[in-house]
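I have placed the structure first, in the form of structure tokens, so that the comments after it can refer back to it.
Only heavy atoms go into these numbers, but all of them, side chains included; no hydrogens, no water, no symmetry mates.
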Amino acid sequence: MSTEEKSAAPRSLAEALRVRDDVSLAALLRSRPDLITPVPTDLTQLATRAGTRASVVRALERLDRFALQTAEALAVAPDPASYGELLALMAGDEEDPAVAAALPRAAALLREQALVWGADDRLRLVRTARELLAPSPQRPSPTGLGPTVREATAGMSPGRIQEILAAVGLPSTHDSVSAVSALGGLFADRRRMAALLAGLPAESREVLDRLVWGPPYGQVTHDPAAHLRALLDRGLLLPTAPGTVVLPREVALHLRAGRAHRAPEPVPPPVEAAATHRPQVVDATAAGQALAALATVDELLKEWDEGGPSVLRAGGLSVRDLKRTAVALDVPEPVAAFWVELAYGAGLIASDGEADERYAATPAYDEWRELPPAERWARLAGTWLTATRTPGVVGGRDAKDRTLSALGPNLDRSAAPEVRHRVLALLAGLPEGASPVAESVLARLRWERPLRGPQQQRETGTGETRDDDLRSRIARWTLSEAELLGVTGRGALAAPGRALIGAPVAPRPAATDDTGEPEGPGDKLPVHHHRTPPLTAPPSPAERAAATATAARLLAPLFPEPLDHVLLQADLTAVAPGPLEQELADVLGLLADVESKGGATVYRFTPGSVRRALDAGRSAADLHAFLARHSRTPVPQPLTYLIDDVARRHGRLRVGAASAYVRCDDDATLDEILADKRAAALGLRRLAPTVLAAQADPAALLEGLRAIGFAPAAESAAGDVLIARADSHRTPPRAAPEPVPDGPPAPDDTLLAAAIRAVRAGDLASTTPRKPGPAGEDGGGEGGTPGGTLPRTGPAETLATMQAAVLTGEALWIGYVNAEGAASQRVIAPIRVEGGFVTAYDHTADEVRTYPLHRVTGVAELADDAG
């Protein structure tokens, strides 16, 4: 390297950032958004922030496996290291061509993220990253390498070092530094090292083989065996503490053929296809699942329409209530937790906030039900994709060993949206109609984020330890939840699911059949040729809204047209051969109970269901007309008799509030009630021939009388029959829960441009050379460059310098203290000075501003050669 090139080489990370263009700075800030929260004042502060422990840990956690392996290799390489030395550590003596081909990308990524800086002949890993990744007795290196000879012999006596030199055939030296250098040079020399190892007994070689890939530390007794003594005498094992020895790094690298890692992984593992189906079959299956998802959420909300389960004191559903919900939905409890959390995340259910706090539907539920089915599904799917609440952890334990309950606190996992989006993107990278091998998806995710995977634990910088297997568990849950929701069909990503993540959707040819058999031989089709989409930045809210709308548009034609009729049968059932129109489904759900669900829904009419419709204000004539209008078959006589019989008895008894009372025009009916032993618990007594008083409240009295075969109706204080509407209970307006972000949000292009402009302007103010003041002081460092101290001049000198700059058009460097007392330095070009204010073009802010002169601490002229 020439003298000019050496002088041009950056001496610090700040200087390396200073020579970057705006595109490169934007890439850095986009990949590490914590660096502009808040926006740094200049590039020196940006470099300082990029080297803090919390920021470096976050950046390392977002590296893929090969980029991380490259950083780990740099941590055990000389500082600085050349690109050739790095390549030798990664590719080894065999010069693995795959590693050599992938290394430039990894090195460029590390340099882009400001984890590595310097030219190719002087690569430097930032100090904090080196501290995190370099080996130490307390924290072994992921490479399995130990300390260098120089580090391992730091506390060794000079005499002992000279003994090791003599044992390996090296001449003695006059000092320990040169002795250690000679020993390290021997261990790094492949030819001489091979000769040294050839003279060892087989038992000694076995010891080295056990330590070579780590951990490099071992235990010895105070009187080691001969084969261990041979290693200790030659410095192939060096003592680090009483009874502990270590394999020096140079020896391990020789035994490893120069490789820092046992198995470099330059290429991401492919996502394999387990089976493939026709895309039309996948879309149809997903549409069926989407319809079932809408029906399940609707059923859940109807179940809680009049007030759902109570809210636990600590928040959330009790285990018993979750079990009841699972039984009502006819699903396992983990699946019930998923549907409950999905409805909550979409803002359809919430706590009512009453004294006896319960969960209930929100007003947003009524608005949601009015949407077309495809739009209702898109809202649920969009909520699921971006939610940080993770139903899969329900039933687990939190940090205080408390059970995590559905709808309760501590269910947010900030990594969930990224993992869900990435899993779907990996599925989108397969050929259309292909379902993945789940383990290949997990292997790919572990390669892309190894520090967040199950193989390693890293401190988060806050004293907490990250859940090892969380990302893999979220990925598994994503695959199953996507199938439940209809994002996938038969395990393959459907067209609406592709649109949901912004992936392109190919036109669908007409399906010839719906067998869904795999195309081609076999049911396992590994995919080696297909390229999976790379990691991308998360979409903006506008992009998400557009993707959700596109998904709804693609799903709408896949839904069958809603039916306006049912088939009534003589066994008091009605069959709905497909999805029903909303109004028909609402009334039929009130008049009958769902007996079975599937492609066709079977409803059963019972005295209780008919009474429910009458309680809601329907008359017998209304029900007869409704059934005749919507049945494709004649109304069966048993159903007509059932409705008339229940209607005839409905309301003959009236229950009101005394504590409660029963009145009836037929005193014989009241005599029958009093004579029934099953009514004893209600505490009834006669007040008048047609009135009974009860000790129970009205609701309990209604249920008690219905349980023994009567059909009472509730009445108001005015004596009118109370109509019990299914949608009578709603919470006050509630906002859907906001996702908990995983760190600062990714900046948009506008924010990036403004941040870069502000940082460069601040850097200009802090690095522009200034002329020395009258006393030879300029408030800066050597050579007229700033040293962090604001310029100091008197008011008269400040005013005179400003006025002169207006005439000459020169730029000035000023110190300024704002109204909050915050001090800053700026480069300005004064335009006008009057009334105690200076109006100037501020290079720091890149705009014209006006400053009070009394807040200017001082002024200095810029040097003639200032950039």
(request) Heavy atoms only: give me the nearest A134-S141 pair and the separation to one decimal. (result) C-CB, 4.4 Å
(message) Tell me if the CZ atom of R855 is crowded by more than 12 foreign heavy atoms within 6.0 Å.
(response) yes
(request) List in chain and number order the residues that pass salt bridge (Lys or Arg N to Asp or Glu O under 4.0 Å) with R832, two or more places apart in sequence or in another chain; answer none if no residue qualifies. (result) E834
(request) Please list, chain by chain and in numerical order, all residues satisfying side chain to side chain contact (heavy atoms under 4.5 Å, CB included) with Q45, sequence neighbours excluded. (result) P40, T41, D42, R49
(message) Measuring from atom OG of S55 to atom CG of D34, what distance do you get when rounded to the nearest 0.5 angstrom?
(response) 3.5 Å
(request) Would you confirm whether T801, through its side chain, and V859, through its main-chain N or O, come within 3.5 Å as a donor-acceptor pair? (result) no
(request) List in chain and number order the residues that pass salt bridge (Lys or Arg N to Asp or Glu O under 4.0 Å) with R105, two or more places apart in sequence or in another chain; answer none if no residue qualifies. (result) D64
(message) Closer than 4.0 angstrom, basic N to acidic O: yes or no for E61 and R449?
(response) no
(message) If you count heavy atoms of other groups shown closer than 6.0 angstrom to CZ of R130, is the number above 12?
(response) yes
(message) side-chain contact (heavy atoms from CB on, under 4.5 Å), that's the test. Do V806 and I831 meet it? Break it down for me.
(response) CA-CA 5 Å; V806 170; I831 301 172; over 6 Å; no
(request) Please examine the side chains of F66 and V99, heavy atoms only from C-beta on, and report whether any two atoms are closer than 4.5 Å. (result) yes
(message) Using every non-hydrogen atom in the two residues, find where T386 and R544 come nearest and quote the distance to one decimal.
(response) CG2-CD, 3.5 Å
(message) Between D121 and S82, do the side chains contain a donor N or O and an acceptor N or O under 3.5 Å apart?
(response) no
(request) Output the distance between atom CD1 (I501) and atom CZ (R420), rounded to the nearest 0.5 Å. (result) 14.0 Å
(request) With the side chain counted from C-beta on, respond yes when L385 and L424 share a heavy-atom pair under 4.5 Å apart, and no when they do not. (result) yes
(request) Identify, with sequence neighbours excluded, every residue that meets salt bridge (Lys or Arg N to Asp or Glu O under 4.0 Å) alongside R124. (result) D79
(message) If I take atom CG from residue L63 and atom CD from residue E72, how far apart are they, to the nearest 0.5 angstrom?
(response) 9.5 Å
(request) Could you check if a side-chain atom of P830 sits within less than 4.5 angstrom of a side-chain atom of Y841, using non-hydrogen atoms only? (result) no
(message) For the backbone of A800 and the side chain of Q803, can you confirm whether one donor and one acceptor N or O come within less than 3.5 Å of each other?
(response) no
(request) To the nearest 0.5 angstrom, please state how far the CG atom of L123 sits from the CG atom of L110. (result) 9.5 Å
(message) Looking at every heavy atom in both A98 and P266, which two are closest together, and how far apart are they?
(response) O-CB, 3.7 Å
(request) Look at the side chain of T548 and the backbone N and O of G382, then say whether any donor-acceptor pair between them is shorter than 3.5 Å. (result) no
(request) Rounded to the nearest 0.5 Å, what's the gap from CG on L115 to CG on L74? Could you check? (result) 10.5 Å
(message) Measuring from atom OG1 of T70 to atom CE of M90, what distance do you get when rounded to the nearest 0.5 angstrom?
(response) 4.0 Å
(request) Would you check if the side chain of R249 reaches a backbone N or O of V76 as a donor-acceptor pair within less than 3.5 Å? (result) yes
(message) V393: which residues meet the side chain to side chain contact (heavy atoms under 4.5 Å, CB included) condition with it, sequence neighbours left out?
(response) T390, L404, L411, R413, R473, W477
(message) If the threshold is 4.0 Å, N to carboxylate O, is there a salt bridge linking E131 and R53?
(response) no
(request) Flag the pair V838 / T850 as yes when at least one side-chain heavy-atom distance between them is below 4.5 Å, and no otherwise. (result) no
(request) Answer yes or no: is there an ion pair linking E448 with R471, defined by an N-O contact shorter than 4.0 Å? (result) no
(request) Say whether, by atom type as modelled, one donor and one acceptor occur between the side chain of E15 and the main chain of R11 under 3.5 angstrom. (result) yes
(request) Keeping the roles fixed (side chain from R389, backbone from W384), state whether a donor-acceptor pair exists under 3.5 Å. (result) no
(message) Please find the pair of heavy atoms, one from I756 and one from L29, that lie closest to each other, and give the distance.
(response) CG1-CD1, 4.0 Å
(message) Suppose we screen for salt bridge (Lys or Arg N to Asp or Glu O under 4.0 Å). Which residues come up paired with D748, at least two apart in sequence or across chains?
(response) none
(message) For a quick check under 3.5 Å, do R18 and T44 share a side-chain donor-acceptor pair by atom type?
(response) yes
(message) If you define the side chain from C-beta out and look only at heavy atoms, does anything of R62 sit under 4.5 Å from S31?
(response) no
(request) Please report the shortest heavy-atom distance between A475 and V419, naming the atom on each side. (result) N-CG1, 3.8 Å
(request) Check step by step if salt bridge (Lys or Arg N to Asp or Glu O under 4.0 Å) holds for D22 and R757. (result) CA-CA 9 Å; D22 288 355; R757 187 169 61 248; over 6 Å; no
(request) Could you walk me through whether T839 and V848 pass side-chain contact (heavy atoms from CB on, under 4.5 Å), step by step? (result) CA-CA 7 Å; T839 301; V848 175; 3.9 Å; yes
(request) Evaluate the side-chain proximity of M802 to I828: yes if any heavy-atom separation is below 4.5 Å, no if none is. (result) yes
(request) Spell out, as yes or no, whether a donor-acceptor pair under 3.5 Å connects the side chain of S24 to the backbone of R20. (result) no
(message) Within the 4.5 Å heavy-atom criterion, are L28 and L35 side-chain neighbours or not?
(response) yes
(message) Less than 6.0 angstrom separating the ring centers of Y851 and Y816, yes or no?
(response) yes
(request) Mind listing the closest non-hydrogen atom pair of L17 and A114 along with its distance? (result) CD2-CB, 4.5 Å
(message) For a side-chain contact (heavy atoms from CB on, under 4.5 Å) check, start with the C-alpha distance between E265 and W447, then their side-chain angles and the critical distance, and finish with the verdict.
(response) CA-CA 8 Å; E265 298 182 54; W447 186 91; 3.6 Å; yes
(request) Report yes if the side chains of P10 and V19 come closer than 4.5 Å at any heavy-atom pair, otherwise no. (result) no
(message) Would L60 and L133 count as a side-chain contact (heavy atoms from CB on, under 4.5 Å) here? Give the steps.
(response) CA-CA 10 Å; L60 290 174; L133 299 177; 4.3 Å; yes
(message) For T388 and S414, which I'm curious about, is there any donor-acceptor pair between the side chains at under 3.5 Å?
(response) no
